[in-house]
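Presented below is the structure to which this report refers.
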Amino acid sequence: MQPFTLNVIKIIQSIPRGKVMTYGQIAKAAGSNRAARQVVRILHSMSEKYQLPWHRVVNASGKLTIPTEEGKVLQKQLLQNEGIVFEKDDQLSLKRYMYDPIEFWEE
DNA sequence: TGCTTGACATGGG
DNA sequence: CCCCATGCCAAGC
């Protein structure tokens with residue numbers, strides 16, 4: 001496994017309750033700013049094994065991008081359980097809920 | 001080894 | 001705001 005992959009896993013595990021991160025952010029934080037698609041794959045194949053909070057990962061627009069309707073509904077419910085409120089059907093406010101680890105370094 | 005596959009991102013029309 | 005093309009790169013086959 002590549003170090004990048006491991007980083008992605010750790011980062012996703014570090015997302016706190018009630019917060020979300022975008023694929024691009026995670027990829028960048030893991031060391032490759034253009035590897036959003038690898039994050040996708042990792043979520044696909046490792047979310048079970050590593051118990052990743054996959055539902056806290058959304059796209060750059062702050063929308064749910066699960067292909068199936070059931071998956072989308074499930075993710076939405078999981079996020080709502082954590083206190084996140086949706087503006088529209090599958091749209092949430094990134095301004096409010098986006099988790100940026102940079103807070104730790106710069107604050 | 002080489003080609004295909006994505007739950008993405010970004011920019012242009 | 002929606003749709004499309006293109007870039008990207010590790011994992012699977």
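The chains referred to below are lettered A, B, ... by the order of the sequence lines, with proteins before strands, and numbering in each begins at 1. Atoms considered below: every heavy atom in the structure, side chains included; atoms not considered: hydrogens, waters and symmetry mates. These figures come from a predicted structure and were not determined experimentally.
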Open item on the list: At less than 3.5 Å, do the side-chain atoms of A/Y23 and the base atoms of B/dA9 form a donor-acceptor pair?
Closed with: no
TODO: Residues of residues 68-92 of chain A with any non-hydrogen atom less than 4.0 angstrom from an atom of DNA chain B: list those, numerically ordered, please.
DONE: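 Correct list: empty, so none.
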Task: Near-strand residues of residues 55-65 of chain A, defined as heavy-atom separation under 4.0 angstrom from DNA chain B - done: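 A/N59, A/A60, A/T65, in order of number.
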Task: side chain to side chain contact (heavy atoms under 4.5 Å, CB included) assessment of A/T65 paired with A/Y23 - done: CA-CA 11 Å; A/T65 52; A/Y23 294 88; 3.8 Å; yes
TODO: Take A/L74 and A/E70 through the test side chain to side chain contact (heavy atoms under 4.5 Å, CB included) and record every step on the way to the result.
DONE: CA-CA 6 Å; A/L74 173 61; A/E70 314 94 81; over 6 Å; no
Open item on the list: Any residue in residues 2-11 of chain A with a heavy atom nearer than 4.0 angstrom to DNA chain C? Just list them by number, or reply none.
Closed with: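 Heavy-atom contacts with DNA chain C come from A/Q2, A/T5.
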Task: Stepwise side chain to side chain contact (heavy atoms under 4.5 Å, CB included) check, A/V20 with A/I84 - done: CA-CA 9 Å; A/V20 298; A/I84 290 180; 3.7 Å; yes
Open item on the list: The test is side chain to side chain contact (heavy atoms under 4.5 Å, CB included); show your working for A/M1 and A/M46 and say whether it passes.
Closed with: CA-CA 12 Å; A/M1 182 188 307; A/M46 321 261 203; 4.1 Å; yes
Task: Partners passing salt bridge (charged side-chain N to carboxylate O under 4.0 Å, His left out) against A/R56 (at least two apart in sequence or in another chain) - done: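 In terms of salt bridge (charged side-chain N to carboxylate O under 4.0 Å, His left out), with neighbours along the sequence ignored, A/R56 is linked to A/E82.
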Open item on the list: Are A/F86 and A/V73 linked, directly or through intermediate hydrophobic residues, by side-chain heavy-atom contacts shorter than 4.5 Å (ILVMFWY only)?
Closed with: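 Different clusters.
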Roughly how far, to the nearest 0.5 Å, is [atom2] of [Y] from [atom1] of [X]?
X     : Y     : atom1 : atom2 : answer
A/H55 : A/L78 : NE2   : CG    : 5.0 Å
A/D90 : A/E87 : CG    : CD    : 11.0 Å
A/M98 : A/S93 : CE    : OG    : 9.5 Å

Please write out the pairs of protein N or O atoms and N or O atoms of nucleotides 3-6 of chain B separated by less than 3.5 Å, giving the distance to one decimal.
unit_1: B/dG6; atom_1: N9; unit_2: A/R37; atom_2: NH2; d: 3.4
unit_1: B/dG6; atom_1: N7; unit_2: A/R37; atom_2: NH2; d: 2.7
unit_1: B/dG6; atom_1: N2; unit_2: A/Q38; atom_2: OE1; d: 3.0

Task: Close side-chain approach of A/I42 to A/W54, heavy-atom, < 4.5 Å - done: no
Task: Main-chain N/O of A/D89 paired with A/K76 side-chain donor or acceptor, under 3.5 Å - done: yes
- [ ] Check for a donor-acceptor pair, side chain of A/Q25 on one end and backbone N or O of A/T22 on the other, with a separation under 3.5 Å.
- [x]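 Confirmed, A/Q25 side chain pairs with A/T22 backbone.
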Open item on the list: Closest-nucleotide mapping onto DNA chain C: is A/R34 or A/I42 further toward the 5' terminus? I mean the 5' end.
Closed with: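 The residue whose closest nucleotide sits nearer the 5' end is A/R34.
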Please output the side-chain donor-acceptor pairs of residues 5-16 of chain A that fall under 3.5 Å, not counting sequence neighbours, one pair per line with the distance.
unit_1: A/N7; atom_1: ND2; unit_2: A/P3; atom_2: O; d: 3.4
unit_1: A/N7; atom_1: ND2; unit_2: A/A30; atom_2: O; d: 3.2
unit_1: A/Q13; atom_1: NE2; unit_2: A/Y50; atom_2: O; d: 3.0
unit_1: A/S14; atom_1: OG; unit_2: A/I11; atom_2: O; d: 2.7

